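A quick write-up on the structure given underneath.
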There are 2 protein chains.
Amino acid sequence: MRFTIKREEFLKGLNIAVRAVSSKTPISVLANIRMDLTEDGLFIIGSNFDLTIRTYIPYKDESNSDIIRNYKEGSTLLNAKIISEIVRKMESDEITIEIIDSTIATVTDDKSEYKLNCVRAEEYPEIDLDASNGVVFSLPVAQFSSLVDQTAFAASTKEQRPILTALNLEASEGMLTAIATDSARLAKKQIPISSNLNFIANIPAKMVVEVEHLAEGASDIAISISDKKALFTFSNTTVVTRLIAGEFPNTSKVIPHETNYSLEVNASDLIRSIDRANILSIDRENVVDLSMSVDRVEVSAKSSQVGSAVEKISPFRFEGQNLQISFNSEFVVAAVKALGSEDVTFMFVGEMRPFVIKNNKDDSVVQVVTPVRTF
Amino acid sequence: MRFTIKREEFLKGLNIAVRAVSSKTPISVLANIRMDLTEDGLFIIGSNFDLTIRTYIPYKDESNSDIIRNYKEGSTLLNAKIISEIVRKMESDEITIEIIDSTIATVTDDKSEYKLNCVRAEEYPEIDLDASNGVVFSLPVAQFSSLVDQTAFAASTKEQRPILTALNLEASEGMLTAIATDSARLAKKQIPISSNLNFIANIPAKMVVEVEHLAEGASDIAISISDKKALFTFSNTTVVTRLIAGEFPNTSKVIPHETNYSLEVNASDLIRSIDRANILSIDRENVVDLSMSVDRVEVSAKSSQVGSAVEKISPFRFEGQNLQISFNSEFVVAAVKALGSEDVTFMFVGEMRPFVIKNNKDDSVVQVVTPVRTF
């Protein structure tokens, strides 16, 4: 294998593939990226088994200028961290890579000459990147993005119950529903979808977030869901992730439908007040109180050692009896931010019952937070 | 004590004083800042015993508008981290502080009401901030800055030999000399000074760097050196630091005066080449080789596992026989950067002897690095 390649394009490709490579992989061959120079262009693959990213760089750009020239097809494995760092720090417009005896890769430009030990491509595990044997559909990236942004943060990051680290995606009756919950909060978003699609898939939430980052700037994303894996394709990149086995908890009863209290406030006002009061949430980390009556809404927190905070929320619209609720401030702030609207509405059933946070103008998304018991 | 103060000015003062407060202080009262509202203005003190910072905020600004109004003199101690964070996050232009029964401080604006447990000022240790009983002189801040920037980085950060964590300042015969060394490298800078000044002081290098940061934007800095402490005054702020006891090593023989080889190169070219080659400095962390002859200068590094790097340096001017030297790349890069010049000159005695890095156009500063033995 040999090729001369525009440094910037090469670096862009490396940066994408390398995101799947874990520095502490137990399978040492996966510390490498795989490069295949075929008649279609240069394919670069990075993987940690759970997540695989393949991207490709064509021979010519849109204006038909060479990106890759002076080449001979072939394949190799190169240490992902080292090759990325070298290419990032080199200074020329073009870099030449050449494999000698399948054991040494030279990486050169006018000033620099690197000789890297490389591994034969055959050592790399087989990874199935075939999108054809699943349910296949496509979404505008902006829509995919809002689906992920408004839900994935609510997934658990703890591995005790792996199913809760998933984003639960369900297509049925013309609706795609995404749900994430860590059992103390829940986020749900629905978007319309072709009515002949039917599937349920539990995709690791952090992988979906990774896909969202990578797809930034693309226009559409093609998604293929099969029994064991989900596959995402956009621009020149394909990402495949395993699914999480097991059944996602039935959350239909978690979202209260009849509520007794409602509070409408300005979102950024509320976030700033919670953020300040939270300075005093020392004894019980991140727990703040929200007390409401028709003429006064306050966020407060207290530490026996340090002192207390009271924040007036104004203006507001409150309906119902007096009510005081304690909650994890991070959960409420994340939920309010995820709604992405200027005003938010809280709907409460009672002191110790999960409450809803939503945007009155957008029924597609709902956030639920369980209060914290403070006595 | 009671006062209403412009939030921005208050925050600026707090941010200065708080830099001396350590979060892991063994003396719990020093987790507080001390505030004294006197007839001159509001004094704020933060300390970790080794370093004390006092700053003050006057009642009126330069255009004679109120910074502090509606006040009653007094003193108190308040948790440094908490009060800073509250004031930083509050939103009004003005904040009111009031001490009730010397045990509670209220911090309020239109929206927020904080009640903080506070401590009586008498609990704070006595700290001597008197500048009058030492050798006193003054420098433009720009000059003080270059003195610190070009030397302090070379001090040791390890506590095994405390004297090496100092910046050694010596005034004699009309010259102020600053030297720092961690025993593997040395940096020395001289600036002319009034000829009647005579002193030697070993000031903790990281404290001098802290003073330099704080003095940014001021025009002059007054320095007072006495037996046990150094005191720096600029703008509305005074910083006092203990000195390090013991004798600074005699470094006069470390700097070679007759050399056999000289190499002149472009500074940023060299830094980038070292930075790249360093990617391969894996077996012996950060060690790179510099090989020189009249027609070729190269920086290189090698790892038995990963591979090798060779960087051509060009253009260059070399005088002498062929020479190869191995060094700690971080030390050389830091020394070259500290010179702050476009071209730098290396002067070598031989393979295993300390070498000089300097700027041919500026004799006031010299950097010395000891090579690394590679066989």
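Note on naming: letters A, B, ... go to the chains in the order of the sequence lines (proteins, then strands), and numbering restarts at 1 for each one. Computed from heavy atoms alone, side chains included, the values below leave out hydrogens, waters and symmetry copies. All of these numbers come straight from a predicted model, not from anything done at the bench.
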- Near Lys115(A) NZ, under 6.0 Å, is it more than 12 heavy atoms from other residues, nucleotides or ligands? no
- Option passing side chain to side chain contact (heavy atoms under 4.5 Å, CB included) with Lys111(B) (candidates Asp269(A), Ile313(A), Val310(A)): Asp269(A)
- Proximal component of Leu280(A), with respect to chain B [non-hydrogen, under 4.5 Å]: side chain
- Message: If you count heavy-atom pairs within less than 4.5 Å of chain A, which of Gly307(B), Ser314(B), Ala301(B), Ser112(B) leads?
- Response: Ser112(B)
- Under 6.0 Å from the NZ atom of Lys337(A), do we count more than 12 heavy atoms belonging to anything else shown? no
- Query: Under 3.5 Å, side chain of Lys312(A) to main-chain N/O of Asp110(B), donor-acceptor pair present?
  - Reply: yes
- Query: Of the listed residues (Leu78(A), Leu116(A), Ile282(A), Asn117(A)), which shares the most heavy-atom pairs with chain B below a 4.5 Å separation?
  - Reply: Asn117(A)
- Message: Would you compute the distance between atom OG of Ser308(B) and atom CD of Glu113(A) and round it to the nearest 0.5 angstrom?
- Response: 7.5 Å
- Heavy-atom neighbours of Glu73(A) CD exceed 12 at 6.0 Å: yes
- Query: If you count the non-hydrogen atoms of other residues, nucleotides and ligands that lie under 6.0 Å from CD in Glu8(B), is the total more than 12?
  - Reply: no
- Item | Toward chain B, the part of Ser304(A) with a non-hydrogen atom under 4.5 Å | backbone
- Message: Ignoring hydrogens, what is the shortest heavy-atom contact between Ala277(A) and Tyr114(B)? Give both atom names and the distance.
- Response: N-OH, 3.4 Å
- Message: Just verifying a value: how many Å separate Met90(A) CE and Ile279(B) CD1, rounded to the nearest 0.5 Å?
- Response: 9.0 Å
- Message: With a sphere of 6.0 Å drawn around CD of Gln324(B), does it hold more than 12 non-hydrogen atoms of other residues, nucleotides or ligands?
- Response: yes
- Does atom CD of Gln305(B) have more than 12 heavy-atom neighbours, drawn from other residues, nucleotides or ligands, at distances under 6.0 Å? no
- Can you say whether Asn79(A) sits under 4.5 Å from chain B via the side chain, the backbone, both, or neither, judging by heavy atoms? neither
- Message: As a test of understanding, state which of Glu85(B), Arg88(B), Glu91(B) forms a side chain to side chain contact (heavy atoms under 4.5 Å, CB included) with Arg276(A).
- Response: Glu91(B)
